[in-house]
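Notes follow the structure.
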Amino acid sequence: MTVSDRDGATPEGTSDLEEHRLTAVRLAKVEAMRSAGLDPYPTRFERTAVAAEIRSEHSGMAPGEDSGIEVAVAGRIMNVRDMGKLAFAVLRDWSGDIQLFTTAADDGFESFGALDAGDWVGVTGEVMTTRRGELSVRVRELTMLAKGLRPLPEKWHGLQDVEQRHRMRYVDLIVNEESREVLRLRSAVVRGLRDAFERRGFIEVETPVLQTVPGGGLAKPFETHHNALDMDMYLRIATELHLKRLIVGGVDKVFEIGRIFRNEGVSPRHNPEFTMLEAYWSLADYTDVMELVEKAVAEVAEEVLGTTLVEYGGVSLDLTPPWPRRGLFEITSETTGVEWDLDMPIDTARALALEHGVEAEPSWGVGKIVMEVFEEQVEASLSGPVFVVDYPAEVSPLAKSRSDDPRLVERFEAFVGGWELGNAYSELNDPVEQRRRFEAQARAKALGDDEAHPIDEDFLKALEYGMPPTGGLGIGVDRLIMLLTGQTSIREVVLFPHLRPEG
RNA sequence: GGGCCGGUAGCUCAAUUGGCAGAGCAGCGGGCUUUUAACCCGUUGGUUGUGGGUUCGAGUCCCACCCGGCCUACCA
């Protein structure tokens with residue numbers, strides 16, 4: 001392909017930039033700089049301070065004062081206010097904003113004229129305050145670090161269009177403080193989670209994303225292909241089965257914070273790729289894990305927000321442990337006014353489910369039906385935080401049965417804000433029983449359940465070497481971030497959410 | 001996938017019953033020695049998401065398609 005074949009490209013490689021009046025003007029400024037022997041894109045700049053440091057170190061200055069202290073700052077020009085014989089600009093770096101000030105008497109005055117909002121500059125000069133008391137840097141020397149060619153969004157309203165904010169997150173971050181804050185909080189939440197598990201002796205690992213058997217969850221995988229091996233592969237839908245192999249290998253406490261891929265619809269709470277924390281704790285059971293979850297979440301909230309009281313969707317939530325425990329059958333019966341239990345005839349369950357908006361498929365047993373009714377009728381009302389327990393074995397092929405009723409498993413899900421935050425159980429470690437569960441799933445698949453769990457022979461082999469009693473856990477990290485940042489759309493906490501290509 | 005709503009200048013938004021596509025910001029020119037979304041004067045800038053149709057005339061009405069938001073369905 002030749003250069004001129006490229007869509008909209010000119011032989012000079014400047015694409016459509018020359019076509020647009022606003023970018024053409026800035027390209028001309030780049031050329032003018034080059035003609036004057038200046039590099040519009042130099043290699044480095046020696047910074048001595050960021051905006052927030054200047055603010056904290058010179059907080060007590062009176063209006064119209066000179067500090068006598070010279071700094072070198074660098075950032076993006078957000079705004080220029082030219083008064084004729086003096087000028088102001090706002091410089092933004094990651095730590096915050098600082099004003100630049102210059103007068104006709106200053107050496108830096110001349111270089112101010114050609115600045116555009118969006119340019120990256122380095123400035124050396126003295127810290128001072130204006131007559132109005134605004135902390136500023138008096139420009140002694142100004143260096144262009146990267147000339148911006150595209151105009152910034154409107155300075156007061158910023159970039160509002162949700163689609164553009166997601167497609168051009170770089171612009172969103174430039175102009176919207178809330179987006180920068182969500183990014184910081186996201187980082188803090190992940191760090192907080194990592195700390196909470198490491199403090200308790202969990203080891204962080206990384207397991208394969210590319211798998212031949214996409215197990216550990218009930219979901220449709222993305223398919224891909226390994227060319228050299230001429231082999232179809234899947235992107236993982238969970239990290240569970242590999243982490244349990246590590247428990248078999250004798251790793252005491254293990255966790256992974258990893259990207260998971262599920263080939264399902266998108267919604268304000270679902271992105272095709274998302275981040276999940278999974279942890280496996282040998283010799284523990286699901287009640288130990290329950291305490292771990294409520295403590296870890298509270299610790300993270302305390303660490304990043306300074307409180308365990310959060311506001312979500314207009315509702316005040318208290319994340320302070322302990323969280324209430326409710327039985328799945330109990331709470332579903334209470335909400336629907338129907339007594340659900342595992343002894344009810346399948347036809348009765350089907351008919352009652354239909355009355356509650358759930359059409360049971362042929363492969364479903366009573367457990368699955370009640371689970372579906374719970375999700376349809378109860379889940380959205382669980383503002384939480386609350387642990388729901390007593391899940392049917394039918395919908396939990398990897399969880400250990402309860403000794404008092406093998407049709408139930410030792411499992412809980414954590415709910416908050418009307419959606420599931422986490423899922424955990426005492427891990428099934430009986431290899432013979434695990435094989436039976438897999439075979440039941442295979443029968444469900446044969447009956448048309450395309451999310452049934454596939455049989456993983458290597459995982460069964462691992463169990464046959466002996467896995468100690470283990471409590472396991474999965475937490476939707478993006479959702480935890482949504483909870484702690486008050487965001488109601490996952491697309492606001494994922495930096496680059498899945499979007500269709502632009503037409 | 002289905003339903004509802006939306007897409008107008010680089011950005012934020014107007015546009016009466018179908019009747020000359022506008023404003024602010026950004027840009028350009030000029031003025032201004034303490035601004036804070038600076039201000040004042042002047043000025044450039046449009047494939048109204050795309051493609052059809054109705055009409056003397058379409059941003060506006062009709063059809064199809066693209067993209068997005070919300071709801072809904074599956075999932076964490």
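Computed from heavy atoms alone, side chains included, the values below leave out hydrogens, waters and symmetry copies. Residue numbers start from 1 in every chain, and the chains themselves are labelled A, B, ... in the order their sequence lines are given, proteins ahead of strands.
The phosphate of B/C74 (OP1 or OP2) has no side-chain N or O of A/Arg262 nearer than 4.0 angstrom. OP1 or OP2 of B/A26 sits under 4.0 Å from a side-chain N or O of A/Lys155. Phosphate proximity of B/G27 to A/Arg150: absent, as no side-chain N or O sits under 4.0 Å from OP1 or OP2.
In this structure, A/Glu376 places its CD atom 10 Å from C1' of B/U72, rounding to the nearest Å. A straight line from CD of A/Glu134 to P of B/A37 spans 10 Å, rounded to a whole angstrom. A/Glu372 places its CD atom 9 Å from the C1' atom of B/C74, with the value rounded to the nearest Å. In this structure, A/Arg81 atom CZ and B/C25 atom P are separated by 15 Å, rounded to whole Å. Summarising the geometry, the separation between CG on A/Leu159 and P on B/G10 is reported as 14 Å, rounded to the nearest angstrom. If you measure from atom CG of A/Asp161 to atom C1' of B/U8, you get 13 Å, rounded to the nearest angstrom. Computed from coordinates, the A/Ile77 CD1 to B/C25 C1' distance equals 18 Å when rounded to whole Å. Following rounding to the nearest Å, A/Gln160 (CD) and B/A26 (P) show an atom-to-atom distance of 17 Å.
At a threshold of 4.0 Å, the pair A/Asp390-A/Arg326 does not count as salt-bridged, since none of the basic side-chain nitrogens sits closer than that to a carboxylate oxygen. A salt bridge between A/Asp172 and A/Arg180 is absent, with no side-chain N of the basic residue lying under 4.0 Å from a carboxylate O of the acidic one.
B/U16 and B/C28 have their P atoms separated by 33 Å, given to the nearest Å. Across the C1' atoms, B/G51 and B/C39 are found 47 Å apart, a figure rounded to whole Å. Distance noted for atom P between B/G6 and B/C63: 14 Å (whole Å). For the P atom pair drawn from B/C71 and B/C56, the interatomic distance equals 45 Å after rounding to whole Å. Taking the C1' atom of each, B/G22 and B/A9 are spaced 10 Å apart, rounded to whole Å. Atom P of B/C11 sits at a distance of 15 Å from the matching atom of B/G27, rounded to the whole Å. Using atom C1' as the reference point in both B/A14 and B/C25, the two lie 15 Å apart (nearest Å). Between the C1' atoms of B/C4 and B/G18, the separation comes to 26 Å (whole Å).
The A/Arg131 side chain lies nearest to B/U34 when the options are B/C28, B/U34, B/C25. Distances were taken from every side-chain heavy atom of A/Arg26 (C-beta onward) to each of B/C67, B/U34, B/G27; the shortest belongs to B/G27. Closest to the side chain of A/Asp116, out of B/A26, B/G27, B/U33, is B/G27. Ranking B/G69, B/C74, B/U34 by closeness to the A/Phe88 side chain, first place goes to B/U34. The A/Leu22 side chain lies nearest to B/G27 when the options are B/U12, B/G27, B/G68. For A/Glu154, the side-chain atoms get nearest to B/G24 when compared with the rest of B/G24, B/G69, B/C67. The side chain of A/Trp156 sits closest to B/A37 out of B/A37, B/U36, B/C28. The A/His20 side chain lies nearest to B/G10 when the options are B/C28, B/G10, B/C11. Relative to the side chain of A/Asp82, the nucleotides B/G68, B/C32, B/C70 differ in distance, and B/C32 lies closest.
Atom CD of A/Glu110 has 12 or fewer heavy atoms from other residues, nucleotides or ligands within 6.0 Å. Heavy-atom neighbours of A/Glu178 CD from other residues, nucleotides or ligands within 6.0 Å: at or below the threshold of 12.
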Next on the checklist: Between A/Asp119 and A/Arg76, does the salt bridge (charged side-chain N to carboxylate O under 4.0 Å, His left out) criterion hold? Intermediate values first, please.
Outcome noted: CA-CA 5 Å; A/Asp119 294 346; A/Arg76 173 176 269 117; over 6 Å; no
Next on the checklist: Quick one, A/Arg138 with A/Asp66, criterion salt bridge (charged side-chain N to carboxylate O under 4.0 Å, His left out). Give me CA distance, side-chain angles, the key distance, then yes/no.
Outcome noted: CA-CA 9 Å; A/Arg138 183 190 301 275; A/Asp66 292 333; 3.5 Å; yes
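No side-chain donor-acceptor contact under 3.5 Å links A/Gln377 and A/Thr336. Counting only N and O atoms by type, the side chains of A/Glu427 and A/Thr470 include no donor and acceptor under 3.5 Å apart.
For A/Arg411 and A/Tyr391, the positive end sits near the middle of the six-membered ring, less than 6.0 Å away and at most 45° from its axis.
For A/Arg21 and B/G10, a side-chain-to-base donor-acceptor distance below 3.5 Å is present, hydrogens and geometry of angles not being considered.
When each of A/Phe387, A/Phe415, A/Phe412 is checked for a ring-ring contact (aromatic ring centres under 6.0 Å, His included) with A/Trp323, only A/Phe387 meets the rule.
For A/Thr488 and A/Lys29, each mapped to the nucleotide of RNA chain B holding its nearest heavy atom, the one lying further toward the 5' end belongs to A/Lys29. Nucleotides of RNA chain B nearest to A/Met128 and A/Gly158 differ in position, and the one nearer the 5' end is that of A/Gly158.
Residue contacts for A/Thr103: at a heavy-atom cut-off of 4.0 Å it reaches no nucleic acid atom on any strand shown.
For the strand RNA chain B, secondary-structure stems (runs of at least three Watson-Crick or G-U pairs, all distances below 3.5 Å) span B:1-7 with B:66-72, B:10-13 with B:22-25, B:27-31 with B:39-43, B:49-53 with B:61-65.
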